[in-house]
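Chain naming here is simple, since letters A, B, ... match the order of the sequence lines and numbering starts at 1 in each.
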Number of protein chains: 2
Amino acid sequence: MKPRLRHDVIVRRLRRNGTSTVAALAEEVGASRRTVLRDISVLRDEGFVIHSEPGRGGGLQLDPQSLQTTTRLSVAEVFALLISVASMRAAGNLPFSDLADAGLAKIEKALPSDKVRDLRRFLDCLYVGQLSPQVDISDMGTMDPALLPAFETAFLQRQHLRFQYRDAKGSVTIRTVEPQAMLILPPLWYLVAWDPIRKDFRHFRMDRISRPEYVQDTTFRRRHVPFEDNVRPIQLSPF
Amino acid sequence: MKPRLRHDVIVRRLRRNGTSTVAALAEEVGASRRTVLRDISVLRDEGFVIHSEPGRGGGLQLDPQSLQTTTRLSVAEVFALLISVASMRAAGNLPFSDLADAGLAKIEKALPSDKVRDLRRFLDCLYVGQLSPQVDISDMGTMDPALLPAFETAFLQRQHLRFQYRDAKGSVTIRTVEPQAMLILPPLWYLVAWDPIRKDFRHFRMDRISRPEYVQDTTFRRRHVPFEDNVRPIQLSPF
DNA sequence: TTCTATGGTGACAGAATTTGGCACCATTGC
DNA sequence: GCAATGGTGCCAAATTCTGTCACCATAGAA
């Protein structure tokens with residue numbers, strides 16, 4: 001019997017009976033005690049919460065709480081997690097980022113396919129480059145939490161986006177644009193958008209955007225965005 | 001790379017991109033063409049509907065409707081995700097951490113409550129600040145993966161921690177200390193510990209710690225750790 | 001047509017993993 | 001003290017997995 005199948009049988013058994021012992025499971029799957037113990041250990045690593053009691057009358061028990069799964073995350077939430085983990089990996093914290101990646105993989109695996117498609121379309125709009133050292137980042141602000149949800153709809157439904165923009169001199173204007181891409185020039189984030197009035201692409205620093213909202217019943221086509229040479233689509237680790 | 005992991009990567013790739021080729025997948029998972037073909041065959045047996053087109057311009061395609069799986073995250077994975085989000089939020093240069101938090105809060109609900117308690121106690125020991133620009137980070141190494149499990153036990157059980165430490169000059173010593181806090185000064189991570197011999201707090205760079213182990217049957221009390229002004233506990237989501 | 005890019009199969013040796021057996025430890029209830 | 005239970009380390013044997021190579025089939029491009 002293959003490991004995979006054995007794991008399935010063990011989990012099924014623990015689910016049905018609620019409790020069992022290593023010896024009983026070994027008998028049941030036709031493997032040795034040692035092998036079953038190894039299987040339990042693997043299952044625990046995979047996230048099954050299996051309680052155990054040594055001593056007479058002891059045994060194994062699958063935590064019923066660990067059965068309720070199907071947490072429904074939104075595309076924006078998964079996107080935000082992906083970004084966090086990717087940037088932590090970039091910062092070089094390897095032991096944690098491997099685990100985090102494994103967790104992300106599971107999250108994505110449990111995501112319904114339409115959301116995976118949206119996620120991919122959203123990630124396709126994300127580009128990374130290097131910030132020119134001349135840019136002043138001393139006045140970097142924080143981003144409006146409403147940004148991402150608004151972006152999600154605007155990018156995925158291809159609806160126009162309207163927001164307040166405070167430029168480098170501090171003057172505030174209202175813009176209505178076609179969101180075409182997101183650009184990361186660490187530590188700054190930009191919205192790259194086509195301004196239909198000025199008929200040109202504009203870069204908007206995200207920390208200077210406020211009150212974002214998508215404009216209902218508008219639509220636009222994706223345009224080819226001209227980027228500098230060192231700007232690339234984002235590469236996420238395959239794991 | 002283990003078969004199981006490879007299968008996950010392949011499925012994820014096909015779900016994200018919708019389509020791919022055997023050669024591309026082989027490259028991606030670091031295996032031979034033959035192995036990927038075998039993997040595809042196994043995945044088909046498991047119920048994934050993978051269409052294939054031979055000939056130029058052909059390739060593989062995963063039927064999006066096939067096989068919705070549920071997975072569960074392990075506590076360690078949730079922890080790693082929490083760490084990445086929390087430290088990125090503290091570093092301040094990332095948007096979207098609210099959404100990432102919201103997602104994690106949902107995930108956390110699926111974990112058993114005793115694990116969550118441990119998790120929070122562990123995270124309570126985490127502080128974040130800003131690294132002074134004078135610190136030389138050119139020699140930054142990678143952290144020993146054994147760190148996390150050893151820390152987990154040492155912090156939660158309040159047991160002494162023993163490890164090898166290589167200081168800035170390269171000389172190696174063995175230390176036995178009371179782990180009191182973890183400090184992130186991006187991109188560096190420190191263990192803040194009370195050294196009972198020197199009767200003082202010491203900061204140890206985690207990438208210079210090796211062979212960590214907790215010392216059985218020792219215990220200590222939590223001390224008030226003096227931090228610089230710009231150091232804060234990480235802000236957790238309101239759960 | 002011929003060439004190239006694609007999926008697919010069979011066989012086999014060598015690499016890698018898994019398995020079982022064993023000794024042993026810790027805990028618990030009788 | 002004893003028996004039942006979970007758990008770990010070690011090692012040789014069994015099993016599985018992997019890469020390589022040769023080859024086939026198909027479809028589009030040149």
Tell me whether the side-chain N/O atoms of A:S52 come closer than 4.0 Å to OP1 or OP2 in D:dG7.
yes
NZ of A:K2 versus P of C:dT17: gap in Å, rounded?
17 Å
Once you apply a heavy-atom cut-off of 4.0 Å, does A:R6 come out as touching a base, just sugar-phosphate, or nothing?
sugar-phosphate
Sorted by position of nearest nucleotide on DNA chain D, 5' first, the leading residue of B:A31 and A:R44 is A:R44
Comparing A:G57 with B:D39, nearest DNA chain D nucleotide closer to 5' gives the residue A:G57
Take the protein atom CD of A:E53 and the nucleotide atom C1' of D:dA4, then report the distance between them rounded to whole Å.
13 Å
Can you tell which of A:I10, A:L62, A:L14 makes a side-chain contact (heavy atoms from CB on, under 4.5 Å) with A:L43?
A:I10
So, is B:S32 close to the D:dT18 phosphate, meaning a side-chain N or O under 4.0 Å from OP1 or OP2?
no
Which sits closer to the 5' end of DNA chain C, A:R56 or A:P3, going by the nucleotide each is nearest to?
A:P3
Donor/acceptor link under 3.5 angstrom from B:R34 side chain onto base of C:dG10
yes
Find out whether the Lys NZ or Arg CZ of A:R121 is both under 6.0 angstrom from the six-membered ring centre of A:F155 and within 45° of the ring's axis.
no
Are any side-chain N or O atoms of B:R202 and backbone N or O atoms of B:V177, one a donor and one an acceptor, separated by less than 3.5 Å?
no
Just how far, in rounded Å, is P of D:dT5 from CD1 of A:I50?
18 Å
Quick check: any donor-acceptor pair below 3.5 Å linking the side-chain of A:R38 to the base of C:dG20?
yes
Can you say whether the rings of B:F227 and B:Y127 are parallel (under 30°), tilted (30 to 60°) or perpendicular (over 60°)?
tilted
What is the distance, to the nearest angstrom, from the CG atom on A:L37 to the C1' atom on C:dT19?
13 Å
Could you tell me whether A:R4 contacts a base, only the sugar-phosphate backbone, or nothing, with contacts defined as non-hydrogen atoms closer than 4.0 Å?
nothing
Atom-pair distance (CG on A:L5; P on C:dT19), nearest Å:
12 Å
In terms of ring plane angle, is the pair B:F220 and B:H160 parallel, tilted or perpendicular, where the classes change at 30° and 60°?
tilted
From CZ of B:R33 across to P of C:dG10 the rounded distance in Å is 14 Å
Out of C:dT27, D:dT18, C:dT18, which has the shortest distance to the side chain of B:T35?
D:dT18
How long is the line joining CG of A:L25 and C1' of D:dT5, in whole Å?
13 Å
Atom-to-atom span, CG of B:D45 to P of C:dG8 - whole angstrom
13 Å
